[in-house]
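Report on the following structure.
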Amino acid sequence: VIWQENSEHVVSDLIEGEMMLLNLKFGHYYALEGCAVGLWPALKQGTTTEQLLEALVSRFPDLPVQALAGDLQDWMAKLQEEELIVEADGVPGRNPEFDMEYQPPGLDKYTDLEDLFLLDPIHDADPERGWPAQ
Amino acid sequence: VKLLHVCCWPPYPENSGGRQRSGAVLRFLRQRHEVQLVTFVSGSRERSLAENAGAVAVDYCYEHYNRALPASVNPFESDELRKTLLSLSDSGFEATIFDHIYVANNVRFSCGVPVLMEHNIESEVVAEVAQFSKQRMKGLAAALFLKKFENEIWPEFPLRFCVSERDAQSMRARCPQGKVVVSENGVDLNRVESLQFIPTPKLFFVGTLDYQPNVDAVHFLLDEILPLVWQQMPGVLLRVAGRSPGRELSDLLDGHPQCELWPSAPDLTDLARTCSLSVVPLRLGGGTRLKILEAAAWGLPVITTRKGCEGLRNELVENLCVVDEPEPFAANICTLLNSPEKREEMADAARKQVEAYYNWPTVLQPMEEAMLELVGA
């Protein structure tokens with residue numbers, strides 16, 4: 001199965017060193033942890049679980065394959081559960097390439113996106129009149 | 001040619017960097033072209049200033065909120081503006097300048113070819129501010145939300161202006177469609193004169209005080225830099241000039257014996273004249289800083305950070321004092337306050353660079369040329 005970012009509802013990008021994802025359907029946002037930062041660009045293009053595992057095994061030959069596969073499956077399951085990835089047609093993209101120490105791929109979830117819609121971090125809005133009224 | 005200029009706020013009075021740029025663009029283009037200003041206003045005073053200057057004034061819109069758009073874009077989702085633009089659609093305008101990303105979502109109501117004038121890359125500023133925020137991840141998510149909006153709206157504009165090559169490179173990398181032209185910030189050297197100073201141990205900081213990069217800079221001065229200065233020179237005074245300070249900042253500055261707050265100074269020149277140094281300790285922000293160009297034009301020496309002088313030409317930066325850390329920043333303040341000769345030397349050299357490169361008619365020339373090319377004039 002080829003998995004791909006659920007681009008209908010999900011936006012993702014590397015911002016100030018953090019790989020951030022927004023799910024605009026559910027109003028949640030996420031930060032990727034560990035090796036997930038290196039794996040995600042391949043998922044954005046479309047890739048298979050097998051390709052991702054192959055990349056992990058190739059990058060971390062000293063680690064047990066079963067452990068890598070288990071961490072990867074857990075992470076992929078969370079991505080599916082949160083509808084951050086969907087099955088896609090076509091041909092899988094290139095294998096991910098990354099240069100980092102091994103830490104299991106992770107997904108930190110934040111559920112206060114409702115506030116985010118109203119958040120303007122750079123303007124100090126008057127609480128009664130709103131920005132940019134004076 | 002006949003142009004429409006849609007502004008987020010009126011350039012009357014020009015009491016912020018953004019308003020100065022908008023005002024300079026309007027004045028410059030009106031020398032040779034017919035330009036109609038349509039501007040958002042806040043309150044009756046701004047409305048009358050704008051309307052007396054021949055502008056069409058519209059109010060900010062707070063009645064409905066579109067969650068598909070960033071918070072800072074929402075006040076400009078105005079039916080009144082759209083009706084105005086529709087009513088002008090057959091008036092022969094060849095291009096509409098959308099002045100700032102905040103008004104860009106009105107692009108489909110453009111009269112003639114839409115042109116976007118950016119003052120900075122806003123999502124990058126939001127991401128930087130998030131780094132200093134207690135709610136870092138939420139701030140980064142807000143930056144991503146704004147970045148998504150920029151990525152979607154930029155391709156709608158066949159011509160986009162940035163204020164620095166750095167911003168232009170970022171925009172071109174993210175949006176290869178359309179043309180990106182650098183039109184730097186500047187100073188009107190006919191209006192900003194080289195001052196005769198009455199030097200006192202006063203430091204000058206100017207900036208819009210509801211804007212987080214400026215708020216952070218004032219806190220950086222008060223919390224980390226000036227205590228070191230006051231150990232050496234207890235008589236040094238900080239003069240802060242800028243509109244819209246929040247209550248917390250007002251209380252902090254008003255209650256401080258070695259600080260002055262000028263929230264609505266009619267003329268910054270009079271305030272600058274009795275200062276000895278311009279301090280610009282910015283750690284956040286984008287675009288380029290008009291406050292540095294203005295200080296240099298006055299002949300006021302500038303101490304700033306690498307972030308503060310980001311995007312400015314090396315020829316000018318070489319004649320500023322650039323330090324990031326509080327200790328050397330404070331040490332340089334003391335050194336320069338004690339050395340009138342060094343101050344004069346720095347100030348003269350910086351003023352010469354501003355005269356050479358940053359006079360508004362010079363920096364806005366590429367903007368006019370690109371627009372004329374766009375409309376085939």
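Letters go in sequence order (proteins before strands), and every chain restarts at 1. Only this structure's heavy atoms are used, side chains among them; waters, hydrogens and symmetry mates stay out.
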Can you confirm whether Gln177(B) is buried at CD, in the sense that more than 12 heavy atoms of other residues, nucleotides or ligands lie under 6.0 Å from that atom?
yes
Is chain A contacted by the side chain of Phe40(B), its backbone, both, or neither, given a heavy-atom distance below 4.5 Å?
neither
Quick one, Lys138(B) and Tyr110(A) - any side-chain contact, counting heavy atoms below 4.5 Å?
no
With Asp324(B), which residues qualify under side chain to side chain donor-acceptor pair (under 3.5 Å), at least two apart?
Arg306(B)
Considering all heavy atoms of both residues, which atom of Phe145(B) and which atom of Leu24(A) are nearest to each other, and what is their separation?
CE1-CD2, 3.9 Å
In terms of heavy-atom pairs under 4.5 Å with chain A, the winner among Lys148(B), Gln212(B), Met137(B) is Met137(B)
Do any of residues 7-19 of chain A come closer than 4.5 Å to chain B, heavy atom to heavy atom, and if so which ones, in number order?
Val11(A), Ser12(A), Asp13(A), Leu14(A), Ile15(A), Glu16(A), Glu18(A)
The complete set of salt bridge (charged side-chain N to carboxylate O under 4.0 Å, His left out) pairs with one or both residues in residues 59-79 of chain A, sequence neighbours excluded, reads Arg59(A)-Asp99(A)
Counting only heavy atoms from other residues, nucleotides and ligands, does the tally under 6.0 Å from CZ of Arg45(B) exceed 12?
no
Heavy-atom pair count under 4.5 Å with chain A, highest-scoring of Val41(B), Leu140(B), Val129(B):
Leu140(B)
Counting only heavy atoms from other residues, nucleotides and ligands, does the tally under 6.0 Å from CG of Asp267(B) exceed 12?
yes
Are side-chain heavy atoms of Ser42(B) and Pro132(A) found at a separation under 4.5 Å?
no
Which salt bridge (charged side-chain N to carboxylate O under 4.0 Å, His left out) pairs, counting each pair once, include a residue from residues 34-43 of chain A, with sequence neighbours left out?
none
Please determine whether the number of non-hydrogen atoms from other residues, nucleotides or ligands lying under 6.0 Å from atom CD of Gln103(A) exceeds 12.
no
Most heavy-atom pairs under 4.5 angstrom with chain A, which of Glu124(B), Glu128(B), Arg136(B)?
Arg136(B)
Cut-off 4.5 Å, heavy atoms of chain A, and the answer for Val125(B) is both
